Student: 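There's a structure below that I have some questions on.
Each chain gets a letter, A, B and so on, in the order its sequence line appears, and its residues count up from 1. Just so it is clear, the structure is predicted and the values come from calculations on it, not from any experiment.
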Amino acid sequence: MQRYEPLPIEKKWQEKWDKDGTYVVDFSDHSKPKYYGMSMLPGITGAGIHIGHGRTFQFSDIKVRTKRQQGFNAYNPIGWDSFGLPVENYAIKVGKTPRIAHDEARENFKTQLKRLGYSYDWTKEISTADPQYYKWTQWIFNQLFEHGLAYQKESAQWWCETDQTVLANEQVEGGKCWRCGNQVTKKNLKQWFFKITEYADEILEATDDLNWTEMVKTMQKNWIGKSQGAEVDFQVDGSKDIIKIFTTRPDTLFGATFMVLAPEHQLVSKITTTESKSVVEQYIKQAASKSEIERQENKEKTGVPTGAYAINPVNGEKIPVWIADYVMMGYGTGAIMAVPAHDERDNEFAKKFDIAITRVIDGGQDELHTGEGALINSGQFDGMSSEQAREEIVAWLQQQKLGNEKVQYKMRDWLISRQRYWGAPIPIVYCDKDGAVAVPDDQLPVELPEVDDFKPKGGATSVLADVEDWVNTTCPKCGGPAKRETDTMDGYACSSWYFLRYADPFNEQEAWSPDQIKHWTPVDFYNGADHAVAHLLYARFWMRFFHKLGLVGDSEPFKRMMYNAYIMAPDGRKMSKSLGNVIDPMEIMDSGYGADSLRVYEMFIAPYDMDAPWDTRGVPGTYRFLNRTWNLVQEYLNGDEVNLDENQTAEILKIAHKTTKKVTDDIENDKFNTAVSAMMEAVNGYFKLKESAGIGKNDSWKFAVESLLQILAPFAPHITEELWSQLGHNETIHIDNWPQWDEKYLVSDTITVPVQVNGKVRATLNVSADISEQAVIDQAKAHEKIAPYLGGKELRKAIYVAGRIVNLVVS
RNA sequence: GGGCGAGUGGCGGAAUUGGUAUACGCGUUCGACUUAAAAUCGAAUGUCCAAAAGACGUGCGGGUUCAAGUCCCGCCUCGCCCACCA
């Protein structure tokens, strides 16, 4: 009898699959339904893959493998997120150029992924740093530019001093750089943006209908942060200047007893009175020197009066205008009307600086009432509900041309300029005559030049600014001298459309063929453990844009998005190099367990959406299971013919059909952990039956063994392929090969019914499945363990839930 | 402060969505095999009690119900995301 030795088996089959092109997809084959599933594009790093990667990739591998076995033309693509800071920083660290460092790291990644046995179509591999790829990223930039969705603007942006580049809002986490974790500051720079805000409402509207992990949908909705409200004009007293404010509570307008401008607000210097000038200037200086973090952490209200007054448009009252850093320049208009009776922050501020508080919503005895209610002290609007008053007051403002309805979003446009070398150049040239001009499509790609020294030099440009023969070019419009844009694109730009390129990776004429894309998209299954906001929002934005251009068939890229959790280190903390608690999947495989045991444990450890600590004993556990499976099949292969009686046959087939159904359903519902336990139970069950029935040649055993291998194949592709071939099959187990279950084997003639007395289980009954309620209750009452509980007591109620339970209520 | 989610054995986690709580795996203990160890196989394993019988038991306190891990009300703890967003 052969022993289970994973390493040689895995090597053998991986080579065979490669040679046979087992997982190569024929795009033109429309005879089968398509299934398109993938995990988020892996970013190249020097470290290679870790346990968490492996688990993430495996979810999509199992989904796609299952569909492939179920008769779909199933495609599991692979590629690399090659541009960006991680690679460039890694290159600096190892003292190589980003290109060389990247290529080496990529080879390493590839070798590692191959060893885990994912069913990728390696013939279609792509990389975002390949000129034939970023040519089309630049082409997309041109499309956006042409449609007014790419523009330049000078404003204060997040700046990371460590990484020497600006960052998008989505890349700043709690005031810190998402890459290096250092605090970011604001820097005033002219930058390129993509106008994602134009799609904010559309994206928001469509979010609820997505079959995505709920948490991601909520995070995206919060990020977009839509608020319905009004914009209101306040005139500065004794001047023509208007202070525009945004409020979600126009119903409280009569309660506005002061106004607050952000210190950076453009009107501040203009309206400040001579007497207040010095104190205002001092405050502005102080606010500017505070980091964003400090401003957020110190919630104690500060501020100074400008000395100016504004007129409340609804009641003509003169109210003071202050500046304070609790008002942010980046949201709304950078100015607010303050209603201290009905807003917590305004209340705190008014109390501290002794400003009048006027109640305009009936909030009972509450001194501060932030909820809704009937209006008071509001002239003609008295008595209205907040809801009604909002409409009426805005209507009145509109009539007086003093305000308007307004929808406000927290989301900002997507900042894509990066002052770093290793990225796709922004395909723009500057000419004195024509300004910013797009490089024509037929001149793409604008190739990233090779440079000797790519390390950022500080300042506000990338090192590309020093590559003179690259920077200096001619203007495509006028032919005169021009200079290239020296910023590169955010790596997220490269990874916002790769799932389209995957389905047409070699197209030299266009980014993709619309016909081919319409067949393959949307992506049926997508998963990852990161980028809940940034990447997934950008991809949705672009997909909608492409859809409007008629280049794709859908406006949403991912039909199902599964956001999976992290594997923690055995100590319960996040795995990280600095903590030295990283688990290396290669080490586990090399120690003799191989890929299959690792794969099965990665699925078995916990539900996909729950963080779980790695247990170093877990892989040996699943190895035991696979080993038992191996032995089961060997016993079947080497066993003689066996004769089974009716009961034994029924029992074997019941396990086989039940497990097939359970595993099929569980994979469909992303319950991979319970699918694995069901298969373990099946193997345990078969070995129990061995004692009474024996294992050997027999039709029932054949179905039991083969169906087990078929449903286990997506989890453990190597051992199942090996055993499948040992069973005499010449074709691979992995294509068009899924067992059917039959409900008729799942029902049995007899069932076990627990009997409760007053809700406590006292006995169990074995009865026939179609027993009548009366009969089962009679049997329950007569049961020797039940009778004592009934003696001398009144039976008040007897309940039988068919097939489940009997409960006798006595008193 | 706001939003979302979660609290079940020594550990990771199951529970047909109101019907035998702790499936499956890890760990532990005992046994078989072995000169021995590893591997493998078998048995036991929620708590209290010497054991049986029994009682108790899903973060805490109440409630609904014949029946609650599951539903309702009130708390506590932990995790994540957002955070002076007007």
Student: Which part of the nucleic acid, if any, lies within reach of A/Gln756 when heavy atoms closer than 4.0 Å are counted: base, sugar-phosphate only, or nothing?
Tutor: base

Student: Within the structure, does a side-chain N or O atom of A/Arg628 lie under 4.0 Å from either OP1 or OP2 of B/C41?
Tutor: yes

Student: Name the nucleic acid region contacted by A/Pro620, choosing base, sugar-phosphate or nothing; use a 4.0 angstrom heavy-atom cut-off, strictly under.
Tutor: nothing

Student: If you look at every strand shown and take non-hydrogen atoms under 4.0 Å, does A/Lys760 touch a base, only sugar-phosphate, or nothing?
Tutor: sugar-phosphate

Student: Report yes or no: is there a donor-acceptor pair, N or O only, under 3.5 Å between the side chain of A/Arg804 and the base of B/U16?
Tutor: yes

Student: Using a 4.0 Å heavy-atom cut-off, does A/Met610 contact any base of the nucleic acid, only the sugar-phosphate backbone, or nothing at all?
Tutor: sugar-phosphate

Student: Under 4.0 Å, heavy atoms only, any strand: does A/Ser227 hit a base, just the sugar-phosphate, or nothing?
Tutor: sugar-phosphate

Student: Using whole Å, what does the distance between atom C1' of nucleotide B/A14 and atom OH of A/Tyr608 come to?
Tutor: 17 Å

Student: Base, sugar-phosphate, or nothing: which does A/Tyr789 touch, judged by heavy atoms less than 4.0 Å apart?
Tutor: sugar-phosphate

Student: Kindly express the pairing pattern of RNA chain B in dot-bracket notation, using | wherever a base pairs with another strand and counting only Watson-Crick or G-U pairs under 3.5 Å.
Tutor: (((((((..(((......[....)))((((((.......))))))(((.....)))..(((((..]....))))))))))))....

Student: May I ask you to verify if any side-chain N or O of A/Asn673 is less than 4.0 angstrom from the OP1 or OP2 atom of B/G12?
Tutor: no

Student: May I ask you to say what A/Val801 touches in the nucleic acid, namely base, sugar-phosphate or nothing, with a heavy-atom cut-off under 4.0 Å?
Tutor: base

Student: Give one of base, sugar-phosphate or nothing for A/Met219, where a contact means two heavy atoms less than 4.0 Å apart.
Tutor: sugar-phosphate

Student: Using distance alone, with no hydrogens and no angle criterion, decide if A/Trp223 and A/Glu170 have a side-chain donor and acceptor under 3.5 Å apart.
Tutor: yes

Student: Taking only N and O in the side chain of A/Lys671, is any of them less than 4.0 Å away from OP1 or OP2 of B/A15?
Tutor: yes

Student: Look at all strands and tell whether A/Gly618 reaches a base, only sugar-phosphate, or nothing, counting heavy atoms closer than 4.0 Å.
Tutor: nothing

Student: Suppose you measure atom P in B/G1 against the same atom in B/G12; what distance do you get, rounded to whole Å?
Tutor: 29 Å

Student: For A/Asn758, which contact category applies under a 4.0 Å heavy-atom criterion: base, sugar-phosphate, or nothing?
Tutor: nothing

Student: What residues form a side chain to side chain contact (heavy atoms under 4.5 Å, CB included) with A/Thr207, not counting sequence neighbours?
Tutor: A/Ile203, A/Lys217, A/Lys221, A/Arg540

Student: Compare the minimum distances between each of B/C66, B/G19, B/A23 and the side chain of A/Ile799, then state the nucleotide with the smallest one.
Tutor: B/C66

Student: Any chance you could measure A/Trp614, atom CH2, to A/Arg55, atom CZ, to the nearest 0.5 Å?
Tutor: 9.5 Å

Student: What contact category does A/Arg624 fall into here, base, sugar-phosphate, or nothing, at under 4.0 angstrom with non-hydrogen atoms?
Tutor: sugar-phosphate

Student: When you compare B/U64 with B/C80, how far apart are their C1' atoms, in angstrom units rounded to a whole number?
Tutor: 33 Å

Student: Does B/G27 adopt a syn or an anti glycosidic conformation, taking syn as a chi angle within 90° of 0?
Tutor: anti

Student: Which part of the nucleic acid does A/Asp611 contact within heavy-atom distance under 4.0 Å: base, sugar-phosphate only, or nothing?
Tutor: sugar-phosphate

Student: Below the 4.0 Å mark, does B/G2 have OP1 or OP2 next to a side-chain nitrogen or oxygen of A/Asn222?
Tutor: no

